[in-house]
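Report on the structure given below.
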2 protein chains.
Amino acid sequence: MVQALRHPAVEDRPVFPAAEVPASALLQKLEAFQDLSAEARKAVSRLVASAKDYPAHTDILREGEPADGVLIVLRGFACRNQFRQNGARQITAFLLPGDHCRLETGLINRMDHTISTLSPCRVARVPSEALQAVVRQHPAVRQALRMCILINEATLREWIVNIGCRTAIERIAHLFCELHLRLSSVGLVRGMTYDLPVTQTDIAVTVGLSNVHVNRSLQALRKQRLIALSGRRLTILDWQRLSELAEFSPSYLQAERRILNG
Amino acid sequence: MVQALRHPAVEDRPVFPAAEVPASALLQKLEAFQDLSAEARKAVSRLVASAKDYPAHTDILREGEPADGVLIVLRGFACRNQFRQNGARQITAFLLPGDHCRLETGLINRMDHTISTLSPCRVARVPSEALQAVVRQHPAVRQALRMCILINEATLREWIVNIGCRTAIERIAHLFCELHLRLSSVGLVRGMTYDLPVTQTDIAVTVGLSNVHVNRSLQALRKQRLIALSGRRLTILDWQRLSELAEFSPSYLQAERRILNG
DNA sequence: CGTTCCCTTGACCTAACTCAAAGAATGTGG
DNA sequence: CCACATTCTTTGAGTTAGGTCAAGGGAACG
């Protein structure tokens with residue numbers, strides 16, 4: 001069922017209604033880096049079997065709470081948040097389906113920031129020991145997870161560049177390109193469209209702008225026919241021009257580019 | 001030899017002339033996290049024995065070059081740089097004495113950014129195998145290095161917050177507080193003074209501002225008697241107020257606060 | 001002792017912010 | 001299924017933090 005997305009006159013239904021979200025994003029992501037044996041797949045699946053559902057805008061782990069192990073997002077968008085005393089907030093990472101984040105904070109095993117959901121999420125919390133066991137038995141899993149960690153780090157650096165020296169439009173364009181690639185690697189992109197279950201204020205807090213200015217920049221992107229965005233569904237109308245505008249070079253995500261500009 | 005630093009009327013000699021930089025910053029840093037046996041210390045020392053000296057403003061590793069293993073800075077300030085096509089630059093990390101950075105970039109073992117010196121540096125490049133060997137024999141070293149990695153990551157997040165939602169003055173104040181703590185953990189702070197062998201433009205490129213505005217913000221910090229800065233030597237005159245201004249909370253560095261405000 | 005790099009200052013500009021309020025959606029309870 | 005409440009998005013008007021350009025003054029370096 002290929003979609004005709006030539007015109008932004010799009011229906012506003014989600015691309016992936018909750019029921020038909022592709023199964024294990026986690027496996028899909030890991031297998032992009034390493035072939036996994038049937039047992040490895042099973043072991044990984046068991047790890048996340050006890051995942052729980054969280055509504056949107058809910059804290060999964062608050063700053064100061066003791067924490068250990070990893071958190072794995074299976075469905076929905078979550079994020080890492082840091083707060084300032086004046087109430088200002090900064091999102092320092094998006095956690096998409098298949099993403100994991102380490103919770104070990106070293107000596108002091110307490111969160112130094114908050115992890116919360118942006119949309120409704122399904123999230124597994126995996127204790128260190130369980131993870132260690134799997135990783136010890138399945139080196140391929142260890143290797144794949146290590147790749148994820150490297151990518152996460154490269155992404156943090158890329159975000160610093162984004163916020164540090166790009167204009168408002170460029171920042172947003174860059175974010176959209178990044179999300180496209182990350183989501184497509186876990187099968188959550190159809191054509192050039194993906195669900196972006198996030199408010200404009202969330203985007204603002206991610207790229208270091210005000211919500212008003214994000215709104216205006218989005219309109220500029222729409223006017224230039226680079227994107228269509230409504231009802232929390234984003235379509236990239238012109239990948240070529242959008243990625244050029246953002247100076248987006250996907251190598252930091254270590255993903256093969258399977259972007260075909262429709 | 002305690003210094004009288006009540007007045008910013010300071011002599012402009014470096015705090016640590018090249019000759020008397022404290023020996024192995026690396027060991028000092030690792031031992032802040034883990035006690036090391038004599039053999040472990042020796043093994044680590046051997047690892048960095050082949051360090052080379054680089055002049056200021058020199059690329060150690062350029063974007064696109066194949067790379068592997070780790071880089072360990074023993075003396076001087078280095079940094080990770082990312083460039084934009086228009087020539088704009090963003091520093092995404094400071095590499096201080098004792099800091100290391102992984103060079104494995106995963107599948108594609110190529111640098112996705114450049115590492116260069118800010119001041120003259122002594123840097124060791126350690127191949128994976130050599131490091132692996134040491135780490136395998138000395139779990140304490142592995143553990144300490146793991147801590148460093150977690151701290152590096154937390155620092156990246158903190159920088160995103162810094163650039164994303166603080167004012168110019170706050171950003172610079174935050175950077176100075178961070179550097180103070182990091183340098184003091186490797187014995188490179190005397191009283192409240194440390195060498196900051198970096199231009200104002202470097203600072204600008206670090207915190208996402210223009211050099212002109214950094215200059216003006218520095219003057220504001222001086223006028224408020226929070227810092228003294230001249231001849232590449234920084235003195236924090238009022239840690240209390242400076243860290244409050246920056247909303248600096250040192251926990252992400254996992255260092256015991258041994259800050260005594262003179 | 002000249003050259004180069006760095007810091008400083010001034011004048012002007014603009015990208016992005018704030019405040020405020022009106023429409024759209026979306027959700028909720030009756 | 002409708003009425004109400006809430007949360008988002010959009011728009012307008014005015015402000016400001018920080019940028020740009022340009023040029024002079026120091027300090028450092030070969």
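Letters A, B, ... mirror the listed sequences (proteins, then strands); counts begin at 1. Computed from a prediction, not measured in an experiment: that's the story for all the values here.
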Do any N or O atoms of the protein come closer than 3.5 Å to N or O atoms of nucleotides 15-17 of chain D, and which pairs are they?
none

- Item | Rounded distance (Å) that lies between atom P of dC7(C) and atom CG of Leu234(B) | 13 Å

- Task: Give the C-alpha distance, both sets of side-chain angles, the deciding distance and a yes or no for salt bridge (charged side-chain N to carboxylate O under 4.0 Å, His left out) between Glu153(B) and Arg157(A).
- Result: CA-CA 10 Å; Glu153(B) 222 179 278; Arg157(A) 281 194 295 269; over 6 Å; no

- Message: With no hydrogens and no angle check, just 3.5 Å: does a side-chain donor-acceptor pair link Asn152(B) and Thr155(B)?
- Response: no

- Might you work through the salt bridge (charged side-chain N to carboxylate O under 4.0 Å, His left out) test for Glu158(A) and Arg84(B), ending with a clear yes or no? CA-CA 11 Å; Glu158(A) 205 60 51; Arg84(B) 290 194 54 190; over 6 Å; no

- Query: Could you state the NE2-P distance from His57(B) to dC29(D), rounded to the nearest angstrom?
  - Reply: 10 Å

- Symbol by symbol from the 5' end, with Watson-Crick or G-U pairs under 3.5 Å, [ ] crossing and | another strand, DNA chain C is |||||..|||||||||||||||||||||||

Sort me out a list of protein N/O and nucleotides 9-13 of chain D N/O pairs below 3.5 Å, or just none if empty.
residue	atom	partner	partner atom	Å
dT9(D)	OP2	Gln200(A)	N	2.8
dT10(D)	OP1	Arg222(A)	NH2	3.3
dT10(D)	OP2	Gln200(A)	NE2	2.7
dT10(D)	OP2	Asn215(A)	ND2	2.7
dT10(D)	OP2	Arg222(A)	NH2	3.2
dT10(D)	O5'	Asn215(A)	ND2	3.3
dT11(D)	OP2	Gln219(A)	OE1	2.4
dT11(D)	OP2	Gln219(A)	NE2	2.9
dG12(D)	N7	Arg216(A)	NH2	2.4

- Task: Would you check if the side chain of Gln90(B) reaches a backbone N or O of Val205(B) as a donor-acceptor pair within less than 3.5 Å?
- Result: yes

- Task: Indicate yes or no for a side-chain donor-acceptor contact from Asp238(B) to the backbone of Arg241(B) under 3.5 Å, with no hydrogens or angles considered.
- Result: yes

- Message: How many whole angstroms separate atom CG of Leu196(B) from atom C1' of dC7(C)?
- Response: 14 Å

- Residues Glu63(A), Arg80(A); criterion salt bridge (charged side-chain N to carboxylate O under 4.0 Å, His left out); working and verdict: CA-CA 10 Å; Glu63(A) 184 180 340; Arg80(A) 307 175 106 123; over 6 Å; no

- Message: In this structure, how many angstroms lie between the P atom of dC6(C) and the CD1 atom of Ile203(B), rounded?
- Response: 12 Å

- Task: Would you please classify the geometry between the His174(B) ring and the Tyr252(B) ring as parallel, tilted or perpendicular, with 30° and 60° separating the classes?
- Result: parallel

- Message: Taking the side chain as everything from C-beta on, heavy atoms only, tell me whether Leu226(B) gets closer than 4.5 Å to Phe176(B).
- Response: no

- Message: Please determine whether salt bridge (charged side-chain N to carboxylate O under 4.0 Å, His left out) holds for the pair Arg190(A) and Asp195(A), giving the CA-CA distance in whole Å, both sets of side-chain angles, and the decisive distance to 0.1 Å.
- Response: CA-CA 9 Å; Arg190(A) 196 118 82 190; Asp195(A) 293 318; over 6 Å; no

- Less than 4.5 Å apart, any side-chain heavy atom of Ile115(A) and any of His113(A)? yes

